[in-house]
2 protein chains.
Amino acid sequence: MGLHPHSASCRAREILDRVGDKWSLQVIALLGERTKRFTELKREIEGISQRMLTVTLRGLERDGIVTRTVYPVMPPRVDYSLTPLGATLMDAAQALVNWAESHLDQIDAARADYDARAAEIDALKKTS
Amino acid sequence: MGLHPHSASCRAREILDRVGDKWSLQVIALLGERTKRFTELKREIEGISQRMLTVTLRGLERDGIVTRTVYPVMPPRVDYSLTPLGATLMDAAQALVNWAESHLDQIDAARADYDARAAEIDALKKTS
DNA sequence: CTGAATCCGCATTGATACTG
DNA sequence: CAGTATCAATGCGGATTCAG
């Protein structure tokens with residue numbers, strides 16, 4: 001069964017809308033290690049703002065990917081962890097990650113090639 | 001080997017930056033069937049604008065995912081097809097697509113659940 | 001510590017018109 | 001047919017401030 005367009009890729013879109021954003025996959029990966037606290041996640045994800053971590057976690061919680069556990073103590077403490085559903089998603093994402101690791105250099109090479117050609121064509125235009 | 005954060009998910013980001021946009025996966029899926037022309041793709045991808053199809057195809061071409069073949073005829077004719085690299089990417093994406101198909105209903109259920117609870121909490125606030 | 005709320009700039013996208 | 005060019009709108013995401 002291939003990746004046929006009128007059911008598969010439409011639904012693939014829905015998934016990518018959920019995990020294809022800037023931060024979700026990293027959050028999922030980190031929670032795949034173990035349960036973590038808000039600040040812990042914030043510290044480990046370089047460049048994420050407080051706001052986006054909150055937004056991302058809320059989205060994942062809403063979709064049943066992560067659970068949020070609040071401990072009514074002072075100062076507050078909130079734990080996040082992957083649900084079983086989230087764990088299966090992490091597994092599925094693994095194929096793409098593996099692909100990335102083994103083919104990223106090919107993509108970089110293709111890019112350099114493409115850009116070099118483009119620059120060459122640009123140079124020819126100025127001659128004419 | 002799990003999806004560990006400091007190499008895997010960083011590179012995963014790079015991949016999602018390439019195929020995680022709104023249209024790339026659909027284009028890849030369609031070209032996975034066979035070589036197609038610009039207008040053919042445009043017709044089969046509902047909602048895509050001429051501009052975004054062009055932009056998407058250029059990006060995929062630059063990354064070595066698709067090839068672009070121009071026939072110097074009148075009217076113009078341009079064929080697009082998957083490269084071998086593109087074909088391997090399609091395979092890798094398959095896992096995510098499969099996940100989507102088998103778990104999308106769970107996500108929808110989780111969402112409905114979450115939203116229902118949120119509405120309930122909202123109602124309580126108005127009482128207080 | 002873990003958020004929520006607001007404002008705002010910038011990038012992405014769509015619409016439209018035009019071209020070889 | 002297969003684009004390119006330009007402009008306008010949308011929305012993501014960052015910075016900041018306030019709160020429990």
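Residue numbers begin at 1 in each chain, while the letters A, B, ... track the order of the sequences.
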Checklist entry - Hey, does K42(B) reach any base, or is it just sugar-phosphate, or nothing, if we go heavy atoms under 4.0 Å? => result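 Contact class for K42(B): none.
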Ignoring the backbone of [X], work out which of [options] is nearest its side chain.
X: P75(B); options: dG3(C), dG14(D), dC1(D); answer: dC1(D)
X: T54(A); options: dA2(D), dC1(C), dG3(C); answer: dG3(C)
X: R37(A); options: dG14(D), dC1(C), dG3(C); answer: dC1(C)
X: W23(A); options: dG3(D), dG14(D), dA2(D); answer: dG14(D)

Could you tell me the separation between the [atom1] atom of [X] and the [atom2] atom of [N], rounded to a whole number of Å?
X: D21(A); N: dG11(D); atom1: CG; atom2: C1'; result: 14 Å
X: M52(A); N: dG3(C); atom1: CE; atom2: C1'; result: 15 Å
X: M74(A); N: dA19(D); atom1: CE; atom2: P; result: 14 Å
X: R58(A); N: dA5(C); atom1: CZ; atom2: C1'; result: 14 Å
X: E46(B); N: dG14(C); atom1: CD; atom2: P; result: 13 Å
X: K36(B); N: dA2(D); atom1: NZ; atom2: P; result: 14 Å
X: L53(A); N: dG13(D); atom1: CG; atom2: C1'; result: 13 Å
X: I48(A); N: dA15(D); atom1: CD1; atom2: C1'; result: 15 Å

Next on the checklist: Ignoring hydrogens, what is the shortest heavy-atom contact between I107(A) and I65(B)? Give both atom names and the distance.
Outcome noted: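 Heavy atoms only, the tightest pair is CD1-CD1, 4.4 Å.
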Look at [X] and [N] and indicate whether a side-chain polar atom (N or O) is within less than 4.0 Å of OP1 or OP2.
X: Y80(B); N: dC1(D); value: no
X: T39(B); N: dA2(D); value: yes
X: R51(A); N: dT16(D); value: no
X: R68(B); N: dA2(D); value: no

Next on the checklist: By nearest heavy atom, map V55(B) and Q50(B) onto DNA chain C; which one lands nearer the 5' end?
Outcome noted: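 Taking each residue's closest nucleotide, the earlier one in sequence belongs to V55(B).
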Checklist entry - Is it true that the side chains of T67(A) and S81(A) contain a donor and an acceptor less than 3.5 Å apart? => result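 Looking only at side-chain atoms, S81(A) and T67(A) do form a donor-acceptor pair, the distance falling under 3.5 Å.
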Checklist entry - Regarding T88(A) and D91(A), is there a side-chain donor-to-acceptor distance under 3.5 Å anywhere? => result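 There is no such pair (donor and acceptor under 3.5 Å, judged by atom type) between the side chains of T88(A) and D91(A).
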Checklist entry - Any salt bridge between D21(A) and K22(B), counting N to O under 4.0 Å? => result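 Looking at K22(B) together with D21(A), the answer is no, because their closest N to O distance does not fall below 4.0 Å.
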Next on the checklist: I'd like to know if D115(A) and R111(A) make a salt bridge, using a cut-off of under 4.0 Å between side-chain N and carboxylate O.
Outcome noted: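 Answer for the salt bridge query: no.
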